[in-house]
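These numbers come from the heavy atoms of this one structure, side chains and all, not from hydrogens, waters or symmetry mates. Start at 1 and go down the list; that is how both ligands and their atoms are numbered.
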Amino acid sequence: MAAELPVPVYTSLSDVYPDLVLAAKQGARFNDLAAEYEAAFGTKPKYIARAPGRVNLIGEHIDYTLFGVFPAAIEQDILIACGPRASQDPGHVEAHNTHPKYTPQSFAPMLLSTASDASTKQDQEVNASVDVQSWHLDINPKELRWESYVKAGYYGVLNHFFDPSTNPSAHPVPVNILVSGTVPAGSGLSSSAAMVVSSTLAFLAINNKLQGEEKIKKGKLVQMAVENEKRVGVNSGGMDQAASILCTPNSALYITFFPSLSAELVSLPHTSTPGEGVVLVCANSLVVSDKAVGAKTRYNLRVVETLVAAYILAKELKLTLPPSPQGKPPTLREVLSAYIGKPEPVETDVLKDGLERLLNEIDVLRASHLRGEEKSTEGEDGGVTLEEMIKASGLSSEKFHEIYLSWVDVEATHFQLYKRTKHIYTESLRVLQFRELCLASSSPISASTSPTETFKALGTLMSSSHTSCSQLYECSCPELDDLTQIALESGAYGSRLTGAGWGGCTVSLVPEGKVDEFIGKVAGRYGKFGGLGGDALGEAIFATRPGVGAFVFELTD
Ligand code: NG1
């Protein structure tokens, strides 16, 4: 399985891109970056780390509740050229960016001591606490700074491989880096994960951690990248990092996180007649969605709402949840597992059946029910206040804060437990249906279903996903709603926001033979594309095919 493979290190780009046109195009980019690095630092780079962005076809905001998602890597990526730097300062970094808006930065990690509870009996007898040293880099999650993503990648490498308590004599190599990217920031195509994955890879490569015995596997890199990205202040799931690292060309990836990370490559349906298949088209709403800045009323608030909903749902349905690993609060996926009551991992049919049945029981999360009002209102659910939510949980206020609020900054007058849960469970069901349609269309006995029927069914699932994101999860915005509607009216089988939402991109499933016509129509109708032409329009709306995942390129003389 993909997660067990080592992170690839190539010395020839034709091993990565068998398509000659793509190999030549990427080769030119890698050469330009190496030349720019040499002009900036006076030496050639030793490695270029590369991590792609991704487009999520379906399964939005369900990765952090541990449900499966369905992304594919895109061609757009982040490249980081790196090489050793002459410096006495261990691990010093001189970081440049090819984009003039991002100014050069210079920083070095510091070893700081933190008091930790004594872990052995002997320690306890001598002293109540012991000093533990760990590496620190100054990241302010409230401030949007490009180098924070570089530092986030570096953090994990330092603390995994240069742990002063186990390896006091190991010192990180001082390094020069030059970053260049084509994934538009804040567009829902996962530029942040591409930055963090690529930075993690660059620091691993330059510190010799990708070769020999210490060679790390892709699954381990996914875990490190997820942890690293949390340092920028977003409590993300693992979808983007897994997609950026595990994807392969021509396939989407069905990624599941429970009971453990697992990834299955799934081909998108195609036909034997060229030009009669489907293509994915990404369109940028040009509303910049910065997750880190709006996190407390958007992304992180949703994470908290789904966790509290999981706890209260389990309580209302009298389900016993096994203790979560590392004392983490249970997720909606774990509640489903307890509801199904079978050893995990369960078969897809069992999961689907469980989801369908559980969806009939979530009325217990309606605000009226939680307030103890006689009758559940069928109409709009306005959510519950913090006090009402704590009361419904049955926990003391202190305990509730400790479990759900002490580690995250969120702000809301009302918390939406019912609507968020309904989105999570229906969206999870749609992902399973989407996967099934793809698998069925690639099996030989499926000849009875016409490809167009399959494309229409996939499109319908994508559009329902958008409606759910917009109405139940409230992570869309007027521009995204407008753009998806225009896409449907311009011939797409289906269209939805992709990524966290509140701006960023849509993804549409478009008949292959009509892509140019589709792009022309959308470009003519979406207001924010007015006046865009040439490269700017090509960057705002483009067709994409599932591409290759992250790798390191080693430059040889
Ligand atoms: P974007 O904003 O597209 O990077 C974010 C999360 C994902 C997932 C989606 C919503 C990060 C790095 N990524 O994606 O894990 O939760 O939102 O489906 O936070």
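- Although no hydrogens or angles enter the test, the distance criterion places no donor-acceptor pair under 3.5 Å between the side chain of Ser244 and the main chain of Gln241.
- Taking every heavy atom of Ser190 and a limit of under 4.0 angstrom, the matching atoms of ligand 1 come to 4 (O).
- Atoms of ligand 1 found under 4.0 Å from any heavy atom of Glu60, numbered from 1 in the order shown, are 10 (C), 18 (O).
- Geometrically, ligand 1 and Gln241 share no nitrogen or oxygen pair separated by less than 3.5 Å.
- The shortest N/O to N/O separation between Ser192 and ligand 1 does not fall below 3.5 Å.
- Less than 4.0 angstrom separates some heavy atom of Glu229 from each of these atoms of ligand 1: 12 (C).
- At least one heavy atom of Gly188 sits closer than 4.0 Å to an atom of ligand 1.
- Contacts with ligand 1 closer than 4.0 Å are made by heavy atoms of both the backbone and the side chain of Ala500.
- Under the 6.0 Å distance and 45° angle rule, Lys419 does not count as a cation-pi partner of Tyr473.
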Stepwise salt bridge (Lys or Arg N to Asp or Glu O under 4.0 Å) test for Asp77 and Arg29: CA-CA 11 Å; Asp77 56 18; Arg29 286 181 66 219; 2.6 Å; yes

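- For Arg333 and Phe258, the positive end is not near the middle of the six-membered ring at less than 6.0 Å and at most 45° from its axis.
- With a 4.0 Å heavy-atom cut-off, ligand 1 is reached by no atom of Glu427.
- Ligand 1 places these atoms under 4.0 Å from at least one heavy atom of Gly499: 3 (O), 10 (C).
- Ion pairing between Lys352 and Glu436 holds under the 4.0 Å rule for side-chain N and carboxylate O.
- At a 3.5 angstrom cut-off on N or O pairs, Asp63 counts as close to ligand 1.
- In this structure, Arg231 is positioned above the aromatic face of Tyr155, its NZ or CZ under 6.0 Å from the six-membered ring centre and within 45° of the axis.
- Under a 4.0 Å criterion applied to the non-hydrogen atoms of Arg54, ligand 1 contributes the atoms 1 (P), 3 (O), 4 (O), 14 (O).
- In the vicinity of Met239, heavy-atom distances shorter than 4.0 Å reach the ligand 1 atoms 8 (C), 9 (C), 18 (O).
- Between Tyr64 and ligand 1, no pair of N/O atoms sits closer than 3.5 Å.
- To the nearest 0.5 Å, atoms CG (Leu66) and OH (Tyr64) are separated by 11.5 Å.
- In this structure, OG1 on Thr426 lies 6.5 Å from CG on Leu359, to the nearest 0.5 angstrom.
- Between the side chain of Ser285 and the main chain of Cys505, no donor-acceptor pair closer than 3.5 Å is present.
- Residue Asp240 has at least one nitrogen or oxygen atom sitting less than 3.5 Å from a nitrogen or oxygen atom of ligand 1, judged on distance alone.
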